[in-house]
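Since the structure comes first, as structure tokens, the remarks are kept for the end.
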Amino acid sequence: MSEEKSLNFIEEIIEEHLKEGRYKSIITRFPPEPNGYLHIGHAKSITLNFTLARKYGGITNLRFDDTNPVTEETEYVDSIKDDIRWLGYEWANEFYASDYFEQLYEYAVDLIQKGLAYVDDSTSDEIAALKGTPTEPGKDSPFRNRSVEENMKMFSDMRAGKYKDGEKVLRAKIDMSSPNMLMRDPVIYRIKHAHHHRTKDHWVIYPMYDFAHGQSDSIERITHSICTLEFVPHRPLYDWLIEKLEIFPSKQYEFARLNMTYTVMSKRKLLQLVNDKVVDGWDDPRMPTIAAFRRRGYTPEAIRMFCEKIGVARRDNLIDYSLLEFCIREHLNETAPRAMVVLNPLKLIITNYEEQKSEWLKAENVPNNPEDTRDIPFSNTLWIEHDDFMESPDKKWHRLSPGGMVRLKHAYIIQCNEVVKDDNGNVIALHCTYIPESKSGNDTSGIQVKGVIHWVNAPTAVDAEVRLYDRLFTIEDTADIEGDFKEYINPDSLKVVQAKMEPWLAEVENGSRFQFLRNGYFCKDKTSSPALPVFNRTVTLKDTWQKEKKKG
RNA sequence: UGGGUUAUGGUGUAAUGGCAGCACUACAGAUUUUGAUUCUGUCUGUCUAGGUUCGAGUCCUAGUAACCCAACCA
């Protein structure tokens, strides 16, 4: 109906802010750290931030949170930009936290001068020891009461490179007995003599996340700084720093991150899969990265539909992978041209069709437009799917069996007369007869058959490699895993088969998507060569027959 | 056992004191030259115990469970 879609809690907050005049328009940002590839969880955040700004007449900045030179690389910056554009979003400004390093340094000086920050000579272990535990308060550092002058001098010396890594840090002076661990004098600057992907060797001190993120938001006058739930305890610190620095009051709002069945979503684990060669790179089609979904054949429309459907809330969630599959099938069913490809070939010879004869048959490219057709060759030797033949079927079987009849899609009805086997009893070929009056579109035979199977003309068929992907993990909720998560990798997550296909598929562009009739949706892979086309299975078709079989 | 956050079908997500709805999944049926698509229908839910109220998923009290916080990561 014309019923309005209900608002998520962030939209409600924004509408309230707009109504009361707190803001005239909004500014959001997407703040990735360039230390890995974006995954489907980031897509949720991207979609949220960009659609919010679009909906309420604002803008979204892309800001790289690049405050840790040790883990960050330009390769990641580039991939992140590619992925966001591919998803269909364009940022208003491309910023980097590292653009603000000088300003951030000034903010730190301001804090020191206000008596709200101090240089601590303690080691990392000593700081940890004095921090206390969630149930016990921490203790003051012996360096907590240095004079402003001494702190100024030392912080300046830190910047000047007079100390080694770890020798000193700058800490905010807040409250060592706070029940919130993050308020127990958090470290805000540390020394790292490391090369930064943008500022090169200009700096040897780098701000921590908490001293960079909120301030960067403030500098950009972000009105709604949206992040995930694990940052909730950071919010008091976020607000404290903005208040003490007396800068534009950006506000942080948190939502629950995306979790999905049969996969992992942490960058640390994904990096491990890449480094340990469990998968073939960040864009291995089994990965939950955006680059992987793209390579696998997912469309931006499907990913966006998914992100809209999962909603935005504050409770932990575990989304069924089947919802994502629903979204991609929904889109590809409308848009993907059909083709006939045999994944597990079995030779079929039509004994009453002249050996030298061949003809062209009309096949529709998409079911919703019968005008759009192609011509496909037909002769007496075909490939059919091995799984479409069963020697002793049960009553529910619609496909080919000895003596049985079936229609060849876009072609004729055939009857199986003879099963050819090798010495081991394996079926290696079928001899059939066809019914000339049963030609598709011009059937005067009057014969009704239940089954329709796809096929490929053997003399003109092209060989191809087809990669069949399945879920990456064997268990639904990977958060339940204790010990090494890699032990739960699905050993059958990739199956490679040699297929026979219509010849024109060898010529299509890499990245184009098709429905291989009765099998699923497939996308031509970038590793295709003229000699060997390669296709990735995006997703299978829904298969009620498989279910029927499993029921036994 | 300190602080914070969250509890609605199998999974997500609505209902802002007034008929517990929508989507996915599952199941059943119809249509079908893709066992696809499409169409129709069915099952399943307010964490627990009290209380306030004509009326509670919603408000109050007390529990319970799950998740997050002790990196010089973000």
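Keep in mind it's a predicted model, so treat the numbers as computed, not measured. Side-chain atoms are counted along with the backbone in the values below, which use heavy atoms only and exclude waters and symmetry mates.
Both distances falling under 3.5 Å, in either a Watson-Crick or a G-U wobble arrangement, place B:G41 opposite B:C27. Using N1 to N3 plus N6-O4 or O6-N4 for Watson-Crick, or N1-O2 and O6-N3 for G-U wobble, each under 3.5 Å, B:G50 pairs with B:C60.
With centroids closer than 5.5 Å and planes inclined by less than 30 degrees as the test, A:W545 and the base of B:G35 pass as a stacked pair.
Residue-level contact check: A:R235 touches neither bases nor backbone, having no heavy atom under 4.0 Å from any strand. Base contact: A:R399 has a heavy atom under 4.0 Å from a base atom. Residue contacts for A:G138: at a heavy-atom cut-off of 4.0 Å it reaches no nucleic acid atom on any strand shown. Using a 4.0 Å heavy-atom criterion, one finds that A:R315 contacts the bases of the nucleic acid, with or without backbone contacts as well. Note on A:Q546: nothing from the nucleic acid sits closer than 4.0 angstrom, heavy atoms only. In this structure, A:S440 reaches the bases: a heavy-atom distance under 4.0 Å links it to at least one base atom across the strands shown.
One interatomic measurement links the two molecules: NZ of A:K542 to P of B:C39, which rounds to 11 Å at whole-angstrom precision. A:L229 has its CG atom 13 Å from the C1' atom of B:A7, to the nearest Å.
A donor N or O paired with an acceptor N or O is found under 3.5 Å between the base of B:G10 and the side-chain atoms of A:D320. Below the 3.5 angstrom threshold, one finds no donor paired with an acceptor across the side chain of A:R329 and the base of B:U37. Residue-to-nucleotide contacts include a donor-acceptor pair under 3.5 Å from the side chain of A:R407 to the base of B:U33. Between the side chain of A:H234 and the base of B:A74, a donor-acceptor pair under 3.5 Å is found.
When ring centroids are compared, A:Y189 and A:F211 come within the 6.0 Å threshold.
Between A:K547 and B:A26, a side-chain N or O to OP1/OP2 separation shorter than 4.0 Å is present.
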